[in-house]
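All values reported here derive from a predicted model rather than from experimental measurement.
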Amino acid sequence: MRMYDIILKKRNGGELTKEEIEFVVNGYTKGEIPDYQVSALLMAIYFQKMNKRETADLTMAMVNSGEVVDLSAIEGIKVDKHSTGGVGDTTTLVLGPMVAAAGAPVAKMSGRGLGHTGGTLDKLESIKGLSIEMPKEKFIENVNKVKLAVAGQTANLAPADKKLYALRDVTATVDNISLIASSIMSKKIAAGADAIVLDVKTGAGAFMKTLDDSFALAQEMVDIGTNVGRNTIAIVSDMDEPLGFAVGNALEVKEAIDTLNGKGPKDLYELCMTLGSYMLILAKKADDIETARRILEDTIKTGAALNKFKEFVAAQGGDPAVIDNPELLPKADHIIEFKAEESGYVNKIVAIEVGLAALVLGAGRETKESQIDLAVGVVLNKKVGDYVEKGEPLAYIHVNDLSKVKDCEERLKRAFQITKDKPEPRPLIFGVVTKDGIQRF
């Protein structure tokens, strides 16, 4: 088998066999196939596309390129959730405790964030003492005992995906639906969950900007999961404006605690209720959405979800006192008001600009080597549809290095659009995708 022939076949619109895909993935992972040939194949795939069978074969080749985590020692149906990313996306910190308190085991492996804010692991490390590094035996023990554990991905989880993604990133071949779907699903399948709920974002702050592309990506990932025997459901949700109010690591942990106390932002709460309901259905803890939602609402009302978060934090070495007193979280030295320059309705908040404003302050990583400042970020004071008076704060900038404020403010000026007329409300949830197809709301 020759790499040249495989590139030529795909360039001319041919369908790659399972054996050809495995040859490429295994050869590239081992360093036997050079970057320039794989780059050429990726560009051919970008233009000629892959069918569903090719996409499933690519996914499984990447899964089998490294360790496949065996979670069979965990009792019950293990359910995982993945978000395609966004701004202020704190769902894992709310969902995990709620779903675990409802009796469904949540065994989550996460990566670190590279972009405007930290990932779930960075956010959790805002809690003093909490460790996301643990042996597999401890991870399994925690899920059996607490029903919830969050750990860092091992270096040997889908190593082919890491190499291929790095190459896609520098060859303008990232945004191909088959390549995105196989990248996400290879890590989820290798991580060992029985069932997967996907939160596919759409809008200005999302990877997929259009609704049709978002549904297409959701369908592709659900098909992959179904084809390899994982019960998979996807929700398409809005990321035109940031989710919730807080953008920044410790700030988002505080918002998650507020939400578990029943005092969080309405959009974050509603999205978690929707995602969590499907997680309970896949875990066979509820038969329908209405029942699942009632169970989750009870975990908030009774304090069971908040207590589960404390239990989880303590089990991973963190200080559970933070949950009762979020003031113990890292705090920035300065809080600066970002004020409206005119009166009117907030017509738009460009999510990515808010994310980049937080990145400027140090809330995220520009490179893998960047150090995150866990205390900094942006907290919105207004959401789309709210009225604001001239001089009233639109947002609060939490900052340690005052030299970064000007750049942050420039980003926020680009983010907020004020108009005289109140905008039409935009849906939070656009639909659900199952193995039976797409249901748009």
Side-chain angles (χ1 to χ4, degrees), residues 59-82 92-93 95-112 119-121 124-125 127 129-162 184-198 221 224-233 275-276 278-286 292 295-296 299 304-305 307-318 320:
T59 305
M60 290 313 296
M62 292 198 291
V63 169
N64 295 323
S65 69
E67 178 190 2
V68 178
V69 180
D70 179 7
L71 298 180
S72 58
I74 295 173
E75 300 145 20
I77 298 170
K78 296 152 294 283
V79 62
D80 196 359
K81 162 254 159 196
H82 176 81
T92 296
L93 303 188
L95 270 174
M98 280 199 312
V99 172
V106 181
K108 183 155 184 63
M109 292 189 185
S110 287
R112 294 205 175 273
T120 298
L121 302 184
L124 285 171
E125 286 181 340
I127 299 171
L130 191 143
S131 173
I132 47 79
E133 306 295 339
M134 68 187 89
K136 193 177 91 172
E137 296 72 24
K138 174 68 173 167
F139 181 78
I140 289 170
E141 180 191 324
N142 279 11
V143 181
N144 277 330
K145 185 179 170 187
V146 181
K147 289 282 189 279
L148 172 63
V150 180
Q153 287 172 356
T154 68
N156 203 31
L157 204 70
D161 175 60
K162 292 182 180 71
I184 291 170
M185 292 303 290
S186 66
K187 294 190 286 284
K188 289 290 112 185
I189 292 162
D194 301 315
I196 303 162
V197 173
L198 300 160
M221 291 193 289
I224 291 169
T226 303
N227 285 340
V228 300
R230 298 293 200 280
N231 208 346
T232 309
I233 285 177
L275 294 169
Y278 283 105
M279 288 173 80
L280 290 190
I281 288 170
L282 293 189
K284 299 202 181 320
K285 295 294 178 183
I295 292 168
L296 292 174
T299 71
N307 286 332
K308 184 58 70 178
F309 195 25
K310 278 188 210 173
E311 200 182 340
F312 154 74
V313 167
Q316 294 196 199

Distance-minimising heavy-atom pair for [X] and [Y]:
| X | Y | value |
| --- | --- | --- |
| Lys147 | Ala100 | O-CB, 3.5 Å |
| Ala283 | Ala104 | CB-CB, 3.7 Å |
| Ala193 | Arg230 | O-NE, 2.7 Å |
| Asp161 | Ser186 | CB-OG, 3.9 Å |
| Ile140 | Ala73 | CG2-CB, 3.9 Å |
| Ser72 | Lys78 | CA-NZ, 4.5 Å |

Reported [atom1]-to-[atom2] distance for the pair [X] and [Y], which is rounded to 0.5 angstrom:
| X | Y | atom1 | atom2 | value |
| --- | --- | --- | --- | --- |
| His82 | Leu198 | NE2 | CG | 7.0 Å |
| Phe312 | Leu130 | CZ | CG | 5.5 Å |
| Met279 | Leu282 | CE | CG | 8.5 Å |
| Ile77 | Ile281 | CD1 | CD1 | 12.5 Å |

Can you find a heavy atom in the side chain of [X] that is under 4.5 Å from one in the side chain of [Y]?
| X | Y | value |
| --- | --- | --- |
| Leu280 | Leu296 | yes |
| Met60 | Val63 | yes |
| Ile132 | Glu125 | yes |
| Asn231 | Ile196 | no |
| Phe139 | Met109 | yes |
| Val150 | Leu121 | yes |
| Val106 | Val143 | no |
| Thr59 | Val228 | no |

Return yes if some donor-acceptor pair links the side-chain N/O of [X] with the main-chain N/O of [Y] below 3.5 Å, else return no.
| X | Y | result |
| --- | --- | --- |
| Lys162 | Leu157 | yes |
| Asn142 | Leu148 | no |
| Gln316 | Ser131 | yes |
| Thr299 | Ala305 | no |

Query raised in the report: Thinking salt bridges, do Lys188 and Asp80 make one under a 4.0 Å N-O criterion?
Result: yes

Query - Lys81 side chain to Thr92 side chain, donor-acceptor N/O pair below 3.5 angstrom - result: yes

Query - Audit row: Val146, Lys308, side chain to side chain contact (heavy atoms under 4.5 Å, CB included) steps and yes/no - result: CA-CA 7 Å; Val146 181; Lys308 184 58 70 178; 4.0 Å; yes

